[in-house]
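Data block below; observations after.
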Amino acid sequence: MPETLSVFINAQKVVVPAGARVREALAAWSADAAREVESGARVVTDSRGLPIDIDTPLHGGAIFRVVSARERARDDDELLH
């Protein structure tokens, strides 16, 4: 088993220990963004644009995007209409 994993957040490579969760990758990428996600101001989405729980275990090559919660809510609303 590898000791580290590479994932991508907003197109930037982040290397984390194997077994890490989205939360750890987010904190390694940006402490400010991690706080904003924790507070609900921002949301983490997967490569398909679906929200993902920050306690989700990581796998190598995973792609995430951090968006404003308002932007995510607007996207959801447009899908309903």
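The first residue in the sequence is number 1, and the count goes up from there.
Linking ILVMFWY residues whenever their side-chain heavy atoms come closer than 4.5 Å, directly or via other members, places Ile9 and Ile54 in the same cluster. In the hydrophobic clustering of this structure, Trp29 groups with Ile52; members are Ile, Leu, Val, Met, Phe, Trp, Tyr whose side-chain heavy atoms approach within less than 4.5 Å, directly or through other members. Linking ILVMFWY residues whenever their side-chain heavy atoms come closer than 4.5 Å, directly or via other members, leaves Val22 and Val43 in distinct clusters.
For the residue pair Asp55 and Arg21, the shortest heavy atom distance occurs at O-NH1, 2.6 Å. Across all non-hydrogen atoms, the minimal contact from Val16 to Ala25 is CG1-CA, 3.6 Å. The two atoms that bring Ala69 and Gly40 nearest to each other are CB-O, 3.2 Å, heavy atoms only. Annotation for Ala27 and Ala34: closest pair CA-CB, 4.0 Å, computed over non-hydrogen atoms. The minimum heavy-atom distance between Ser6 and Val15, with the atom names listed, is OG-CG2, 3.8 Å.
Distance check: Arg42 CZ to Asp32 CG gives 9.5 Å after rounding to the nearest 0.5 Å. Remark: Glu38 CD to Arg35 CZ distance equals 10.5 Å, nearest 0.5 Å. Rounding to the nearest 0.5 angstrom, the gap separating the CZ atom in Arg23 from the CG atom in Asp53 is 7.5 Å.
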Residues Val7, Leu58; criterion side chain to side chain contact (heavy atoms under 4.5 Å, CB included); working and verdict = CA-CA 8 Å; Val7 298; Leu58 294 171; 4.2 Å; yes
Do Leu26 and Phe64 pass the side chain to side chain contact (heavy atoms under 4.5 Å, CB included) test, and can you show the C-alpha distance, the side-chain angles, and the key distance before you say yes or no?
-> CA-CA 9 Å; Leu26 185 59; Phe64 302 103; over 6 Å; no
Does the pair Val66 and Val37 meet the rule for a side chain to side chain contact (heavy atoms under 4.5 Å, CB included), with working shown?
-> CA-CA 8 Å; Val66 179; Val37 168; 4.2 Å; yes
